[in-house]
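Ligands are counted one by one from 1 in listed order, and the atoms in each one are counted from 1 as well. As the structure is a prediction and not an experimental result, all values here were calculated from the model.
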Amino acid sequence: MKQLHNLINLKKSRRKFISNLSSFAATVGFSSFFSSAQGQGFLEEFELKNHLSAEQLTEDEEFWRKIRSAYTISPTIINLNNGGVSPSPKVVQEAVEHYNRLANELPSFHLNRTINKGKETVRRKLAELAGCDTEEIAIHRNATESLENVIFGLTLKKGDEVVLSKYDYPSIISSWKQRALRDGIKLKWVDFEFPMEDKSKIVDAFAEKFSKKTKVVNITHMINWTGQILPVKEIAAAAKRKNITVLVDAAHTFCHLDFKIPDLNCDYLGTSLHKWLCAPFGTGMLFAKKDKIKDVYPLFGTAEPLSDDIRKFEHIGTRSTGVEQAIAHAIDFHQLIGIKRKSERLFYLKNYLLEGLANIPRITNKTSKRKDFGGAIAYFEIEGIENIHQVTSNLLHKHQIHTVGMVHENIKGVRATPNVYTLKSEIDRFIEVMEKEYK
Ligand SMILES: Cc1ncc(COP(=O)(O)O)c(C=O)c1O
């Protein structure tokens with residue numbers, strides 16, 4: 001009986017794989033990757049293992065090695081700085097090159113008419129991924145552009161208060177400070193000690209800053225310095241009770257953690273797509289709840305700034321429409337792996353790395369190993385190190401391992417972040433080097 005059940009599941013999963021694959025193949029008709037031996041190997045591995053659960057595949061190095069073969073990452077430098085920006089798989093790179101070549105044949109025609117025709121499909125695919133309505137998604141060049149549309153576009157008057165944290169992303173902090181300088185709004189700061197594993201304490205840290213004058217709360221879903229996840233849904237619930245607008249910076253969580261935007265109960269959300277979706281460099285996305293679109297003036301002027309058409313946030317002039325179009329190819333690739341498999345693997349690699357460092361006495365982990373509070377980003381401090389950038393420089397130049405030094409407020413340490421193409425053997429190498437150099 002059990003065998004029959006397994007066989008049925010296998011058949012179902014194979015059908016799903018073939019249907020996923022055919023929609024994938026349709027978008028990569030011009031890709032040379034899938035006609036190469038490597039590409040064929042990638043597809044064979046998928047067909048063989050697609051019925052396996054996320055848990056079953058998490059530690060299957062052969063499977064992840066095949067995923068790696070779809071990228072063009074450096075074979076000589078171990079990349080553990082995937083928090084900043086991620087490389088795109090070959091199919092996405094090839095799509096960008098394809099659209100660029102096409103655009104250069106007749107730019108004013110192809111950029112604005114041929115290629116741009118696909119934009120509504122990209123919007124629909126992003127909305128499906130985000131679990132929201134197509135009319136709630138604007139396509140941007142990065143998270144900064146998305147978030148700043150809201151920061152500078154909401155109507156706020158002198159004396160209104162905005163609650164944010166000292167560990168929000170620097171350019172987001174600068175934007176709020178600029179708004180405060182110009183319009184006389186007041187910023188109220190939440191402070192943290194990392195790691196944090198008590199949701200109610202985090203919610204209280206925000207809630208105690210809320211007053212009758214608070215109009216907006218800015219919540220970073222995953223803090224870039226340390227990888228700390230904040231309980232957005234619960235903070236948003238506390239904010240909503242006081243009629244406070246909720247803006248979420250999800251630059252680090254979209255297509256990294258397994259969630260849908262409506263789960264967060266926010267009004268606005270901005271994210272990069274060149275981080276965890278592995279879309280082309282210079283891609284981002286704004287979510288605005290349908291009934292909240294009209295409340296925000298777009299950053300770039302448009303004929304009807306108070307309309308409730310999400311497209312009013314996209315009037316940025318000439319840009320690479322091919323790069324936007326290639327977002328669709330990144331979505332297809334991401335969905336072929338699947339968010340469950342991806343987030344489980346990332347979480348596993350991060351914890352494997354932290355467990356390996358746990359035996360080094362000078363190293364203190366500052367990242368949660370629990371799913372509610374951490375994802376792929378590991379952040380740790382090293383006793384006796386004054387200049388953390390010397391550590392990352394040593395790792396890169398002497399050992400060919402790319403990490404990043406984090407220095408901000410009470411933060412001074414190393415951030416190491418794997419991605420889907422990271423192999424366990426690379427993390428073993430990193431741990432070995434850290435043991436040798438910083439014991
Ligand atoms: C938390 C956070 N917000 C915003 C940004 C800005 O993202 P982008 O470069 O896509 O504008 C980053 C970039 O690393 C980030 O980590």
Side-chain angles (χ1 to χ4, degrees), residues 79-88 126 130 137-152 162 164-178 189-190 192 194 202 216-232 235 246-257 259 261 264 266 268-287 299-300 313-314 316 319-320 323-324 326-327 330 346 350 367 373-379 402-409 411 413-417 419:
N79 184 4
L80 288 178
N81 183 16
N82 288 286
V85 62
S86 289
S88 300
L126 282 170
I137 294 292
I139 299 163
H140 283 153
R141 291 169 294 184
N142 46 53
T144 308
E145 183 171 308
S146 301
L147 293 163
E148 293 194 11
N149 261 282
V150 182
I151 295 171
F152 291 112
V162 173
L164 66 170
S165 111
K166 289 185 176 177
Y167 296 91
D168 290 326
Y169 193 66
S171 53
I172 302 312
I173 288 182
S174 305
S175 303
W176 278 119
K177 282 187 173 167
Q178 185 172 313
W189 301 92
V190 177
F192 304 127
F194 300 103
I202 306 173
V216 184
V217 59
N218 186 105
I219 313 168
T220 302
H221 196 183
M222 180 181 279
I223 305 280
N224 79 293
W225 307 102
T226 64
Q228 173 78 46
I229 296 175
L230 298 184
V232 173
I235 301 168
V246 178
L247 170 62
V248 173
D249 177 349
H252 266 295
T253 51
F254 189 65
C255 297
H256 170 182
L257 305 181
F259 73 101
I261 293 179
L264 303 179
C266 60
Y268 307 100
L269 175 149
T271 182
S272 322
L273 300 176
H274 45 221
K275 290 194 198 302
W276 294 99
L277 179 59
C278 296
F281 309 129
T283 50
M285 175 187 104
L286 170 69
F287 158 84
L299 198 55
F300 295 84
F313 297 115
E314 294 173 349
I316 59 168
R319 68 208 177 278
S320 173
V323 162
E324 284 174 358
I327 296 170
L346 292 172
K350 189 281 302 287
T367 321
F373 301 101
I377 295 179
Y379 165 75
H402 182 45
T403 55
V404 62
M406 291 283 150
V407 181
H408 174 78
E409 298 282 339
I411 299 279
V414 176
R415 190 182 78 179
T417 316
N419 207 324

- prompt: Has ligand 1 got any nitrogen or oxygen that is less than 3.5 angstrom from a nitrogen or oxygen of Thr220?
  reply: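 In this structure, Thr220 places no N or O atom under 3.5 Å from an N or O of ligand 1.
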- request: Using distance alone, determine whether Ala143 and ligand 1 share an N or O pair under 3.5 Å.
  value: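 Min N/O separation from ligand 1 is below 3.5 Å for Ala143.
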query: Can you tell which of Asn142, Ile223, Asp249 gets a heavy atom nearest to atom 4 (C) of ligand 1?
result: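 Looking at heavy atoms only, Asp249 sits closest to atom 4 (C) of ligand 1.
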- prompt: Is it true that a side-chain atom of Asn142 and a backbone atom of Gly284 form a donor plus acceptor pair closer than 3.5 Å?
  reply: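 No.
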field: Short side-chain to backbone donor-acceptor contact, Ser146 and Met285, under 3.5 Å
entry: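 Yes; judged by distance alone, with no hydrogens or angles, the pair exists.
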Arg415 and its side-chain hydrogen bond (donor to acceptor under 3.5 Å, both in side chains) partner, picked from Thr403, Thr367, Asn81: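 Between Arg415 and the candidates, side-chain hydrogen bond (donor to acceptor under 3.5 Å, both in side chains) is satisfied uniquely by Asn81.
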- prompt: For the side-chain hydrogen bond (donor to acceptor under 3.5 Å, both in side chains) test, which of Asn419, Thr417, Asn79 pairs with Ser86?
  reply: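 Of all the options given, the one that passes is Asn419.
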Quick one: which ligand 1 atoms are inside 4.0 Å of a heavy atom on [X]?
X: His252; answer: 16 (O)
X: Asn224; answer: 16 (O)
X: Ser272; answer: 7 (O), 8 (P), 10 (O)
X: Lys275; answer: 12 (C), 13 (C), 14 (O)

May I ask you to identify the nearest protein heavy atom to [atom], giving residue, atom name and distance to one decimal place in Å?
atom: atom 11 (O) of ligand 1; value: Thr144 OG1, 2.4 Å
atom: atom 15 (C) of ligand 1; value: Tyr169 CD1, 3.2 Å
atom: atom 9 (O) of ligand 1; value: His274 NE2, 4.0 Å

- prompt: With side chains defined as the heavy atoms from C-beta onward, is the minimum distance between Trp225 and Thr220 less than 4.5 Å?
  reply: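 Sidechains of Thr220 and Trp225: no contact.
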- prompt: Just one of Asp168, Leu247, Asn218 clears the side chain to side chain contact (heavy atoms under 4.5 Å, CB included) bar with Leu147, so which one?
  reply: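 The side chain to side chain contact (heavy atoms under 4.5 Å, CB included) with Leu147 is passed solely by Leu247 among Asp168, Leu247, Asn218.
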query: Among His408, Lys275, His252, which residue meets the side chain to side chain contact (heavy atoms under 4.5 Å, CB included) test with Asn224?
result: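 Testing each of His408, Lys275, His252 against Asn224, the sole residue satisfying side chain to side chain contact (heavy atoms under 4.5 Å, CB included) is His252.
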